[in-house]
S.K.: 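Just dropping this structure here.
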Amino acid sequence: DDVSSYKKAAAYINRSRADVVVLEHEFGLYGGKFGEYINELVKLIKKPLIITTHTIPDDPGKGYGAVLKNVIEFADSIIVMMPESISKLANKYNYPKENIDLIPHGVPDILMGPVEEYKEKKGLKDRIILGNINLLSEVKGLEYIIESLEFIKKQFPSVLYLIIGQTHPIVLKTEGEKYRNFLKEKIKKLGLEENVRFINRYMPLDELVRCLKAIDIYNTVSGPASIRIRRAGICDRSG
């Protein structure tokens, strides 16, 4: 949150023996309105700059989109994780398509197979397991899945929804556990205390994979308009 530190960082990088700068760009990582302070770094860097983009807003003319448009003007190359991002950057942000490279989002290579063995290890035998692994924030729309459980439970009383992951650190810093507490209140109101379980901690990859293997249905969520339910083993690529 100190804009002068971005300028100092740029000066340090320029004096260094670094050959290239790789910037991981996601909103919430940098200070200023809409994360605009990162512009103070990229415009001063004299080394080749590669930017890996995460969230790419639809509108490059205002807010977060305008900040991203300013940032990528200084990029010698951009890395994206989904094919759709290439067309968005080229068509909406007017960034040269030939300077964009696709490196797909990393996903563990998990063989599909029976889940019962992993359910039993976690004490979840004979239950239908729904789940997702995300950093919690309001934009995920988990309340819509919880609301649907009220109806699912009537036909499948053993259903259990695992909400795995800590609250997003930026959200935690600014709002605390407001969203998680909101979800807990909704669960209580709908009488779903036995059907929803929070696992509020960071998981190393091997434990995360074991959880994935115990899940019958993985919920890919990013808000009410785009909740998708997929077979376990397919990770969240919504960005």
Side-chain angles (χ1 to χ4, degrees), residues 1-6 9 22-41 51-58 63-68 71 81-82 105-108 122 129-149 160-190 192-212 214-215 218-228 235-239:
D1 295 315
D2 177 8
V3 68
S4 67
S5 67
Y6 292 80
V22 181
L23 174 72
E24 202 81 21
H25 186 272
E26 174 61 310
F27 299 104
L29 295 180
Y30 308 108
K33 192 174 182 181
F34 307 116
E36 64 185 0
Y37 286 177
I38 196 61
N39 278 305
E40 298 299 324
L41 178 79
I51 295 178
T52 299
T53 56
H54 286 250
T55 303
I56 303 174
D58 287 328
Y64 291 106
V67 169
L68 179 61
V71 169
M81 290 173 276
M82 296 184 291
H105 200 299
V107 178
K122 292 191 167 293
I129 308 299
L130 312 183
N132 53 263
I133 301 169
N134 300 99
L135 290 173
L136 252 65
S137 66
E138 190 174 354
V139 298
K140 300 298 182 182
L142 301 188
E143 62 269 26
Y144 299 98
I145 296 176
I146 290 169
E147 288 169 5
S148 75
L149 284 177
L160 176 65
Y161 176 31
L162 298 179
I163 300 176
I164 303 170
Q166 296 171 309
T167 299
H168 193 291
I170 300 299
V171 174
L172 191 62
K173 182 180 178 181
T174 57
E175 300 181 7
E177 292 288 10
K178 178 182 175 182
Y179 182 58
R180 189 184 298 272
N181 292 333
F182 162 74
L183 295 177
K184 287 181 177 179
E185 283 298 315
K186 184 172 287 290
I187 290 163
K188 185 177 181 180
K189 182 179 179 180
L190 297 175
L192 296 169
E193 293 95 332
E194 299 300 317
N195 302 95
V196 183
R197 186 178 301 173
F198 288 92
I199 302 177
N200 183 9
R201 60 186 177 84
Y202 173 82
M203 281 189 179
L205 183 59
D206 57 345
E207 186 179 0
L208 184 149
V209 167
R210 288 195 295 271
C211 279
L212 281 173
I215 292 172
Y218 189 92
N219 308 298
T220 303
V221 295
S222 58
S226 56
I227 288 179
R228 301 180 295 281
C235 287
D236 185 351
R237 294 179 180 223
S238 63

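Numbers for residues simply follow the sequence, beginning at 1. None of these values were measured; they are calculated from a predicted model. Any value given below was found using the heavy atoms of this structure, including those in side chains, with hydrogens, waters and symmetry copies removed.
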S.K.: Got a second to check how far Ile199's CD1 is from Ile163's CD1, nearest 0.5 Å?
M.R.: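 That separation rounds to 10.0 Å.
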S.K.: Between Tyr30 and Glu24, which heavy-atom pair has the shortest distance, and what is it?
M.R.: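 Shortest heavy-atom contact: OH-O, 2.7 Å.
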S.K.: Quick check: are there more than 12 heavy atoms from other residues, nucleotides or ligands sitting under 6.0 Å from NZ of Lys188?
M.R.: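 Counting other residues, nucleotides and ligands, NZ of Lys188 stays at 12 neighbours or fewer.
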S.K.: Of all residues at least two apart in sequence or in a different chain, which pass the side-chain contact (heavy atoms from CB on, under 4.5 Å) check with Glu175?
M.R.: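 Glu175: side-chain contact (heavy atoms from CB on, under 4.5 Å) contacts with Val171, Lys178.
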S.K.: What is the distance from atom CE of Met203 to atom CD of Gln166, rounded to the nearest 0.5 Å?
M.R.: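 Interatomic distance, Met203 CE to Gln166 CD, rounded to 0.5 Å: 10.5 Å.
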S.K.: Can you sort out the partners of Glu185 under side-chain contact (heavy atoms from CB on, under 4.5 Å), two or more places apart, ordered by chain and number?
M.R.: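 For Glu185, no residue satisfies side-chain contact (heavy atoms from CB on, under 4.5 Å) once neighbours in sequence are set aside.
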S.K.: Would you mind reporting whether Phe198 and Lys184 have side-chain heavy atoms less than 4.5 Å apart?
M.R.: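 Touching, per the 4.5 Å side-chain cut-off.
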S.K.: To the nearest 0.5 Å, what is the distance between CD1 (Ile146) and CG (Leu183)?
M.R.: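 Answer rounded to 0.5 Å: 4.5 Å.
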S.K.: Ignoring hydrogens, what is the shortest heavy-atom contact between Leu142 and Tyr179? Give both atom names and the distance.
M.R.: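 Closest approach of Leu142 to Tyr179: N-OH, 3.0 Å.
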S.K.: Mind checking whether Arg210 and Glu207 have side chains closer than 4.5 Å, heavy atoms only?
M.R.: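 A side-chain contact exists here, since the closest heavy-atom pair is under 4.5 Å.
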S.K.: Working to the nearest 0.5 angstrom, can you tell me the gap between Asn132 CG and Ile215 CD1?
M.R.: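 Answer for the CG-CD1 pair, Asn132 versus Ile215, is 7.5 Å.
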S.K.: Check the pair Leu192 / Tyr161 against side-chain contact (heavy atoms from CB on, under 4.5 Å), numbers first and verdict last.
M.R.: CA-CA 10 Å; Leu192 296 169; Tyr161 176 31; over 6 Å; no
S.K.: How would you list, by chain and number, every residue that makes a side-chain hydrogen bond (donor to acceptor under 3.5 Å, both in side chains) with Glu194, sequence neighbours excluded?
M.R.: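 Expected list: none.
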S.K.: Go through the structure and list residues passing side-chain hydrogen bond (donor to acceptor under 3.5 Å, both in side chains) with Thr167, not counting sequence neighbours.
M.R.: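 For Thr167 the side-chain hydrogen bond (donor to acceptor under 3.5 Å, both in side chains) partners, ignoring immediate neighbours, are Glu177, Arg180.
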S.K.: Determine the minimum heavy-atom distance between Leu68 and Thr55, stating which atoms define it.
M.R.: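 The answer is CD2-O, 4.0 Å.
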S.K.: Any side-chain heavy atom of Leu149 within less than 4.5 Å of one from Leu130?
M.R.: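 Answer yes - side chains close enough.
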S.K.: So Phe27 and His54, do their side chains get closer than 4.5 Å, heavy atoms only?
M.R.: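 Side-chain contact under 4.5 Å: no.
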S.K.: Flag the pair Met82 / His105 as yes when at least one side-chain heavy-atom distance between them is below 4.5 Å, and no otherwise.
M.R.: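 The answer is no; the side chains never approach within 4.5 Å.
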S.K.: Testing the basics here: between Asn134 and Lys140, what is the closest heavy-atom pair and its distance to 0.1 Å?
M.R.: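 Taking Asn134 first and Lys140 second, the nearest heavy atoms are ND2-NZ, 3.9 Å.
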S.K.: For Ser5, which residues count as a side-chain contact (heavy atoms from CB on, under 4.5 Å) partner, sequence neighbours excluded?
M.R.: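 Expected list: Asp2.
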S.K.: Looking at Tyr6, I'd like to know if its OH atom is crowded, meaning that more than 12 non-hydrogen atoms belonging to other residues, nucleotides or ligands lie closer than 6.0 Å.
M.R.: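 Count over threshold, so yes.
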S.K.: How long is the span from the CG atom in Leu190 to the CD atom in Glu143, to the nearest 0.5 Å?
M.R.: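 Between atom CG of Leu190 and atom CD of Glu143 there are 11.5 Å.
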S.K.: Is any side-chain heavy atom of Cys211 closer than 4.5 Å to a side-chain heavy atom of Ile164?
M.R.: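 Yes, their side chains come closer than 4.5 Å.
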S.K.: What closest approach, in Å, do Val196 and Leu160 show between heavy atoms, and which atom pair accounts for it?
M.R.: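 The answer is N-CD1, 3.9 Å.
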S.K.: Sequence neighbours left out, cut at 3.5 Å: what donor-acceptor pairs do the side chains of residues 31-41 make with other protein atoms?
M.R.:
unit_1 : atom_1 : unit_2 : atom_2 : d
Asn39  : OD1    : Val71  : N      : 3.4
Asn39  : ND2    : Glu36  : O      : 3.3
Glu40  : OE1    : Lys43  : NZ     : 3.4
Glu40  : OE2    : Lys43  : NZ     : 3.4

S.K.: When rounded to the nearest 0.5 angstrom, what distance separates OH in Tyr202 from CG in Leu135?
M.R.: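 Reported value, rounded in 0.5 Å steps: 10.0 Å.
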